[in-house]
Amino acid sequence: STPFHPLIELLRRAAGLERSDANTARLRKLEALLARLNMDASEHMPILVALLSLEGADSYPAPELSPRAWRDKSFAAILAFLSAVAAQQPAVLAVEDLQWLDASSLELLDMLSAGLNKPPLLLVLSQRPDFSHAWQEDGAPTAELELKRLDSDASAALIAHIAGDINLADDVRSQIIVRTDGIPSFIEEVTKSILEAGILRERKGRYEAKGALPERLIPETLKDSLMARLDGLADAKELAQIGATIGRSFTHELIEAVAKMEAALLSDSLNTLSASGLIDTLGEAPDAIYSFKQALVQETAYETLLRQRRQNFHERIAQALEANFPEVIAAQPELLAHHYAVAGRGRSAIGYWMQAGARARKRSAEIEAIEHFTKALELLGQA
């Protein structure tokens, strides 16, 4: 992932920056945000303008700094923004899946955790059990919580919450509990599948199955359940596959450009995905941002693609980014490199990997720069 990218996007949203805004309007919005947060514009604006890939050379020329100094200034600007937000009201910053973060973003979180004794900011981090990171010993007090599987009572409570007004019979609930083995996401998927299948009938205030539950509704694994859900989505399945190829989250504008669906069909398909609980929606179209509810949903949708179809989607995404999103090319050339590489367009991928490596090196993100240049060299070796 791009260093600091989620936090830069948070800054973009906080300032209310829109792609349709003229550059002058974007600068004024960013200035207004810093004023509201009582941040020093003369110190932070030149750095934030560069991080947001805004055109502010006249008003806020980028300072002449060494790569290391640029990195330090970038860290300071982002930390100042988060501290200023928390100083105005208590805040929570949640970061999921630490195991996928780049080295620079992890270092930034280190610095943030070390200074948490000042602003009222709660930092909530999630990671897989096999991932470990040595946090600074002088950081804020921490509490580690290992998420275990739900017991029978907790599983039953989750099923009741998902079912809502539908009071499931004891035998239906028991089958769900036994087969899902306390995995919350699995419980949710199987319960929804049963409720949507039309196989329940009401009897004496409870909903029971019309005979034995079909085997397909209680699959062996969560991934099998997600596969079944995706297969039942009709046109929305392809949209889920395109979204999964883009990544864990995607904007309305990008998926519209890639999918090339009629507006009504695109809207219906997105509504279907949202109603199914597979994606979450933030904001309203055309400015909406969609996110897969969990990484496994994205992985499952992506794995349903055959190789040629997958390559086609990656190429369409890269072409859409080139044609419509110059700010993404400027801020995240590694995204285009990745999509072109998987699409089998090595020549295009090499150029963007080199651009990404140079950008990372300029910001003293040495580990990321090495990774980008290495990928370029690997593709050159295959040419």
Side-chain angles (χ1 to χ4, degrees), residues 1-88 91 93 102 104-105 107-109 111-112 115 119 249 251 253-254 283 287 289 321-322 324-337 352 354-366 368-369 372:
S1 62
T2 301
F4 328 133
H5 179 64
L7 293 177
I8 293 171
E9 283 303 304
L10 181 63
L11 173 65
R12 188 188 302 276
R13 294 181 200 174
L17 305 186
E18 305 289 350
R19 289 189 67 246
S20 58
D21 290 339
N23 192 68
T24 302
R26 293 182 185 181
L27 291 175
R28 299 293 85 81
K29 286 183 176 181
L30 186 57
E31 289 171 340
L33 174 66
L34 267 59
R36 291 196 303 272
L37 295 175
N38 298 315
M39 292 177 62
D40 186 344
S42 62
E43 179 182 359
H44 298 303
M45 275 293 290
I47 300 296
L48 295 179
V49 164
L51 288 175
L52 289 164
S53 300
L54 304 181
E55 298 172 7
D58 294 335
S59 303
Y60 300 102
E64 294 293 333
L65 299 171
S66 67
R68 185 70 221 186
W70 178 269
R71 177 187 179 86
D72 292 342
K73 286 280 190 181
S74 299
F75 273 57
I78 294 173
L79 292 173
F81 163 65
L82 294 173
S83 296
V85 170
Q88 292 197 345
L93 177 63
D102 56 90
S104 295
S105 294
E107 187 178 348
L108 181 65
L109 288 178
M111 296 178 66
L112 180 60
S249 63
T251 65
E253 287 182 303
L254 180 54
D287 300 316
I289 298 175
L321 289 171
E322 282 185 323
N324 304 291
F325 301 89
E327 72 279 6
V328 175
I329 299 175
Q332 297 178 271
E334 63 272 22
L335 275 184
L336 284 94
Y352 282 117
M354 293 296 293
Q355 184 177 329
R359 189 174 188 276
R361 186 170 179 269
K362 182 179 179 181
R363 285 158 173 75
S364 195
E366 291 89 355
E368 292 86 347
H372 299 330

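Here the structure is a predicted model, which means the values were calculated and not measured. Below, all heavy atoms of this structure are taken into account, side chains as well, without hydrogens, waters or symmetry copies.
Annotation: salt bridge (charged side-chain N to carboxylate O under 4.0 Å, His left out) contacts of E327 (sequence neighbours excluded): R19. For Q355, there are no side chain to side chain donor-acceptor pair (under 3.5 Å) partners, not counting sequence neighbours. Here D287 pairs with nothing under the salt bridge (charged side-chain N to carboxylate O under 4.0 Å, His left out) rule; sequence neighbours left out. Listed by chain and residue number, nothing satisfies the side chain to side chain donor-acceptor pair (under 3.5 Å) test with Q88 (two or more places apart in sequence, or in another chain). In this structure, the side chain to side chain donor-acceptor pair (under 3.5 Å) partners of E366, at least two apart in sequence or on a different chain, are S364. Partners of K73 by side chain to side chain donor-acceptor pair (under 3.5 Å), not counting sequence neighbours: none found.
Side chains of V328 and L254 form no contact here, defined as non-hydrogen atoms less than 4.5 Å apart. A heavy-atom distance below 4.5 Å is not found between the side chains of L11 and L51. At least one side-chain heavy atom of I47 sits less than 4.5 Å from a side-chain heavy atom of P63. V85 places none of its side-chain heavy atoms less than 4.5 Å from the side chain of L93. Looking only at side-chain heavy atoms (C-beta outward), F75 and M111 come within less than 4.5 Å of each other. At least one side-chain heavy atom of D102 sits less than 4.5 Å from a side-chain heavy atom of S105.
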Notebook entry, point to check: Given R71 and S104, is the side chain to side chain contact (heavy atoms under 4.5 Å, CB included) satisfied, shown in steps?
Noted result: CA-CA 9 Å; R71 177 187 179 86; S104 295; 3.1 Å; yes
Notebook entry, point to check: Between L48 and F81, is a side chain to side chain contact (heavy atoms under 4.5 Å, CB included) present by the stated rule, with each step listed?
Noted result: CA-CA 10 Å; L48 295 179; F81 163 65; 5.7 Å; no
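No donor-acceptor distance shorter than 3.5 angstrom exists from the side chain of K29 to the backbone of L17, with no hydrogens or angles considered. When atom types are taken as modelled, the side chain of N324 and the backbone of L321 share no donor-acceptor pair closer than 3.5 angstrom. For R26 (side chain) and L54 (main-chain N/O), no donor-acceptor pair under 3.5 Å exists by modelled atom type. Side-chain atoms of R359 come within 3.5 Å of backbone atoms of A330 as a donor-acceptor pair (strictly under, hydrogens ignored).
Rounded to the nearest 0.5 Å, atoms CD (E253) and CD1 (I289) are 10.0 Å apart. Rounding to the nearest 0.5 angstrom, the gap separating the CD atom in E107 from the CG atom in L112 is 12.5 Å. One distance of note links OH of Y352 with CD1 of I329; it measures 4.5 Å at 0.5 Å rounding.
Within 6.0 Å of atom CE in M354, 12 or fewer heavy atoms from other residues, nucleotides or ligands are found, so the atom counts as exposed in its surroundings.
The side-chain contact (heavy atoms from CB on, under 4.5 Å) test with W70 singles out one residue from P67, S74, S66, and that residue is S74.
A salt bridge is absent between R36 and E31; no separation between the charged side-chain nitrogens and carboxylate oxygens falls under 4.0 Å.
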